[in-house]
Amino acid sequence: MAKLVGRPIGSRRGRDVPRIELLVVQPTPFCNIDCRYCYLPDRSSKAVVSRQTLHNLFSQVFASGWVGECLSVVWHAGEPTVLPIEFYREAFRMVDRLKPAELAVSHSFQTNGTLIDEAWCTFFREERLGVGVSIDGPKQFHDRRRLTRSGHGTFDRTIAGIRLLRRHGVPFHVISVLSAASMAVPREMFDFYVEEGIEQVCFNVEESEGDHVSESFQESGIESAYYRFLSEFWRLSAAAPGHITFIREIEHAIAQVIRPADAPFRNQLVEPFAVTSMDWAGNISTFSPELLGLKNPVYEDFILGNINRDALIDLPSRPNFIRMLADIEAGVEMCRERCQYFSVCGGGEPVNKLAENSSFASSETTYCRLIKMRGTDLVLDALERVQSRGAVGKGAVCAEVYE
Ligand code: SF4
């Protein structure tokens with residue numbers, strides 16, 4: 001296997017001023033469907049974030065000095081399209097009024113797609129919203145886990161939403177949670193995306209998070225199955241140019257593996273407040289967004305304060321934040337010392353370490369073996385074959401998969 005390049009990650013810049021890059025806002029915890037692997041504990045609650053809470057969040061974020069030239073806002077952690085379009089129009093205008101003139105703010109939705117109609121498509125296009133739709137591949141895979149509250153599959157409604165997006169020319173990507181069954185049939189998965197005109201795909205594997213224990217992680221041979229799937233999917237995509245234009249797992253792995261030797265690499269998920277999350281009630285958390293709604297016997301919860309009562313800039317001095325940070329940093333140090341993939345990973349995802357190892361102060365997980373290690377191996381293997389012939393660069397690595 002080719003060797004990993006890139007400067008090993010230095011000490012965390014966490015005691016510098018935080019830099020918020022991604023703001024995850026829960027407009028409502030409610031979801032109109034009931035996926036079997038959902039980690040959101042309050043997805044039956046129809047609570048909605050108030051205007052005042054949004055005002056307090058954005059005005060504090062913009063006044064904090066913690067944002068740079070751009071800020072991404074993801075409306076997620078519940079199904080965003082259960083709220084009326086007007087809710088978002090007003091919220092976006094409020095953000096525009098509050099933000100510094102030079103700051104670029106981009107909004108995006110992660111949606112199950114079942115409620116997308118003509119009006120949503122018009123809104124998405126007008127607002128240039130980033131849209132991610134969750135669909136797990138063809139109906140027989142999607143309908144196993146993505147169900148209504150009465151237990152019926154949601155594929156037909158989700159694919160109808162995707163077809164509407166395409167008809168209206170709304171750019172979108174999909175996120176597909178892979179199962180052992182779908183990993184076994186990369187050709188079938190590839191054909192599905194091509195037939196539906198889906199060009200940008202992101203793959204997840206069902207994770208253990210909170211109280212949810214992944215069934216996929218119990219499967220023997222899951223790592224080699226994931227490697228084979230990704231490898232074949234990449235090969236199929238490269239062999240039929242113009243259909244699948246973006247495979248997140250491959251693009252990210254290539255970007256990390258083939259980078260200048262002195263290029264820094266950062267892992268947002270272990271940097272305080274780089275990813276900042278707020279629930280509908282104004283509670284604030286950081287690191288992995290999934291932590292916001294979770295309870296834990298050691299930490300109780302991961303809420304650092306409430307934007308309606310507390311000053312955002314005071315949250316780094318909270319005892320529970322200091323404890324989380326110390327444990328997460330200890331975990332990153334373990335990764336740095338033990339893991340040959342550290343230079344392309346940066347210490348993984350705190351929520352997975354907690355779920356699988358019962359501690360932030362830990363290193364390897366099944367999740368990181370799949371997503372980080374096997375994805376990196378795939379690119380390194382292609383790079384090694386390319387280098388053995390004296391070629392270099394991303395184009396050569398991509399061309400390699402034809403062979
Ligand atoms: S791949 Fe896993 S063990 Fe290695 S640095 Fe990342 S989280 Fe740590």
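All values below come from the heavy atoms of this structure, side chains included, with hydrogens, waters and symmetry mates left out. Atoms within each ligand, like the ligands themselves, are counted from 1 in listed order.
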Inset, instruction - State whether Glu251 and Arg248 are salt-bridged, where the test is any N-O pair (Lys NZ or Arg NE/NH1/NH2 against Asp/Glu carboxylate O) under 4.0 Å. - result: no
Legend entry - Residues Arg235 and Glu232 bridged, charged N to O under 4.0 Å: yes
Legend entry - Check ion pair Glu223-Lys372 (N to O, under 4.0 angstrom): no
Inset, instruction - Taking 2.8 Å as the upper limit, name the protein N, O or S atoms near atom 2 (Fe) of ligand 1. - result: Cys368 SG
Legend entry - Ring-face cation contact, Phe123 with Arg89, 6.0 Å cut, 45° max: no
Inset, instruction - Using the six-membered ring wherever Trp is involved, compare the ring planes of Phe92 and Trp75 and label them parallel, tilted or perpendicular (cut-offs 30° and 60°). - result: tilted
Legend entry - Given Leu354, Asn352, Val351, the one that forms side-chain contact (heavy atoms from CB on, under 4.5 Å) with Glu290: Val351
